[in-house]
Number of protein chains: 2
Amino acid sequence: MSLESTLTPRARARVETIEQIKQIARHHLAVEGPNLSLRAVARDLGVVSSAVYRYFASRDELLTALIVDAYTSMADAIEQAEKQVPRRDLAGRWFALGRSARQWALHNQHEYALLYGSPVPGYAAPQDTIEPANRPVLLAMAILREGVERRAIDPPRDRLPKPVRADFERIASIDGFTGVPPGVMARAFTAWAQLFGTISFELFGRFTNAITDYDAYFEHQLKVTARHLGLSR
Amino acid sequence: MSLESTLTPRARARVETIEQIKQIARHHLAVEGPNLSLRAVARDLGVVSSAVYRYFASRDELLTALIVDAYTSMADAIEQAEKQVPRRDLAGRWFALGRSARQWALHNQHEYALLYGSPVPGYAAPQDTIEPANRPVLLAMAILREGVERRAIDPPRDRLPKPVRADFERIASIDGFTGVPPGVMARAFTAWAQLFGTISFELFGRFTNAITDYDAYFEHQLKVTARHLGLSR
DNA sequence: CGCGGTCTGAGAGCAGTGCTCTCGGACGAG
DNA sequence: CTCGTCCGAGAGCACTGCTCTCAGACCGCG
């Protein structure tokens with residue numbers, strides 16, 4: 001029934017090797033930092049470096065695979081956390097989203113840097129990354145859509161510059177973004193940049209000598225955004 | 001009178017060579033991307049690689065020098081722009097600060113990534129970087145302090161979590177941060193993360209397929225922050 | 001002016017990197 | 001059982017950061 005059982009032994013071994021390589025690479029990333037060495041990964045796998053090229057055409061391809069996995073892992077963690085909050089508690093769901101995003105970032109710092117830090121040199125985000133990268137955004141949109149539909153959120157009548165409003169109206173016609181009025185979406189985008197900006201600031205050391213209680217600070221940011229989005233008073 | 005004239009010819013040549021190396025390195029950074037190669041810099045300088053080590057003990061040291069320069073260059077640009085706005089126009093000064101920060105980032109993308117992207121592997125921010133890195137923050141604080149002193153800003157009585165308030169009160173005792181009430185500083189920190197989060201999102205491609213008019217979008221963000229800070233209606 | 005020390009560039013070399021290519025053996029589908 | 005596919009090993013290329021040695025150029029001081 002499982003996917004592996006339908007595969008030939010060779011193909012099975014192949015996906016297992018690929019998983020091992022990624023596993024080791026993730027470990028290196030976490031321990032050694034962002035300078036991932038394919039040769040070092042090969043050594044840890046007990047194999048000569050050229051063998052790894054049977055599974056990944058280049059170091060960039062391996063990195064891309066890690067990035068896709070990281071996006072997926074982060075999205076899984078966020079969705080999992082959000083799911084455990086009662087559906088009616090919109091603010092609670094927003095908090096869960098934000099908290100779990102930050103927690104994931106704290107526990108996977110170098111992977112977070114890969115996703116939200118400076119873009120990697122050779123690498124141009126392939127199609128495979130945009131879907132998992134968007135999942136948390138779509139989740140946020142779902143919360144806001146529900147809030148609007150349920151009249152819990154009173155859509156702000158903020159004056160938006162024409163081109164900005166146009167962008168948000170166009171976005172609202174994309175699958176998963178529907179039902180969120182421009183005013184709400186504008187505030188959501190702002191909140192998003194603010195929260196991930198805060199996470200990046202924390203992780204990249206921009207708050208050193210300033211903030212000491214990071215947990216409390218982020219919690220405060222969450223409250224501010226929730227209030228601004230109309231999810232709480 | 002000038003600094004160079006007081007130096008021996010050798011020392012003069014030395015500072016000139018250092019400047020040339022940094023110049024070439026900056027160019028490589030802009031053209032080739034973040035993978036700066038010391039050997040390539042040496043080649044462009046028409047010199048063998050080991051010669052460069054007479055001026056920079058390591059690649060990291062060269063990178064650090066570039067980072068310090070970049071912070072300084074950005075701070076210069078921001079201060080220059082802010083200075084040209086009439087002192088009484090607090091909102092205008094805030095806009096000038098934000099706009100020039102973004103413009104500098106757009107014109108020096110890889111250097112911006114060095115400053116605000118994922119931290120460089122081996123490198124731990126040395127003392128030399130924190131002063132120029134703080135200059136834009138201090139400028140923002142100066143604007144807000146003036147606003148409060150002049151009663152143009154009505155300090156919000158936001159309820160802040162105890163540890164957060166404590167942090168901001170402690171910060172307010174640091175030179176350059178005085179005279180900014182916790183409520184204002186909290187909002188300033190939020191605005192700061194939001195603005196630099198927005199700039200990073202734009203530069204790192206996180207807005208692709210969403211925002212099309214980046215200028216208008218950032219201008220909108222500036223308005224939102226200015227309003228939230230009490231600098232404008 | 002000339003001597004001695006300092007500074008600087010060249011060159012060779014080491015260990016590491018990404019990546020390519022060839023070869024031989026193992027595996028599995030027919 | 002055989003033939004084609006797959007896979008790992010090994011050698012090799014061009015590159016990297018960095019070290020060390022050597023020789024020459026420069027400059028300050030006597």
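These numbers come from a predicted model, not from an experiment. So you know, we letter chains A, B, ... as the sequences are listed, proteins then strands, and number each from 1.
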Length of the CZ-P vector between B/R14 and D/dC27, whole Å: 14 Å
Options D/dT16, D/dT21, D/dC18, nucleotide nearest the side-chain atoms of B/R59: D/dC18
Polar side-chain contact B/S37-D/dG17 base: donor and acceptor under 3.5 Å: no
Side-chain donor or acceptor of A/S100 paired with backbone N/O of A/A96 under 3.5 Å: yes
Whole angstrom value for the distance that separates C1' of D/dC15 from CZ of A/R39: 11 Å
Comparing A/S49 and A/V52 on DNA chain D - which has the more 5′ nearest nucleotide: A/V52
Given DNA chain C, 5'-ward residue of the pair A/S50 and A/R43, judged by closest heavy atom: A/R43
Backbone of B/D175 reached by a side-chain donor or acceptor of B/T178 within 3.5 Å: no
Check ion pair B/E219-B/R102 (N to O, under 4.0 angstrom): no
A/Y112-A/S200 side chain donor-acceptor pair, cut-off 3.5 Å: yes
Stepwise ring pair (Phe, Tyr, Trp, His ring centres under 6.0 Å) check, B/F201 with A/F189: CA-CA 11 Å; B/F201 271 18; A/F189 268 57; 8.9 Å; no
Sugar-phosphate, base or nothing in reach of A/V48, heavy atoms under 4.0 Å: base
Range on DNA chain C touched by chain A - first to last nucleotide, heavy-atom distance under 4.0 Å: C/dT17 to C/dA29
Touch class at under 4.0 angstrom, heavy-atom based, for B/L36 against every strand present: sugar-phosphate
Nearest to side-chain heavy atoms of A/Y55, which nucleotide of D/dC18, D/dA9, D/dC7: D/dC7
Nearest-angstrom distance from the residue atom CG of B/N35 to P of D/dT16: 11 Å
Nucleotide nearest B/R54 (side chain, heavy atoms from C-beta), chosen from D/dA9, D/dT21, D/dT16: D/dT21
For A/D44, the option from A/Q23, A/H27, A/H28 that meets side chain to side chain donor-acceptor pair (under 3.5 Å): A/H28
Separation of atom CG in B/D44 from atom C1' in D/dT16, rounded to whole Å: 16 Å
A/L66 vs A/Y71, side chain to side chain contact (heavy atoms under 4.5 Å, CB included): CA-CA, chis, key distance, verdict: CA-CA 9 Å; A/L66 292 180; A/Y71 274 127; over 6 Å; no
Rounded distance (Å) that lies between atom P of D/dC7 and atom CD1 of A/I21: 11 Å
Residue closer to the 5' end of DNA chain D, B/S58 versus A/T17 (nearest nucleotide): A/T17
Value in whole Å for how far the P atom of D/dG17 lies from CD of B/E61: 14 Å
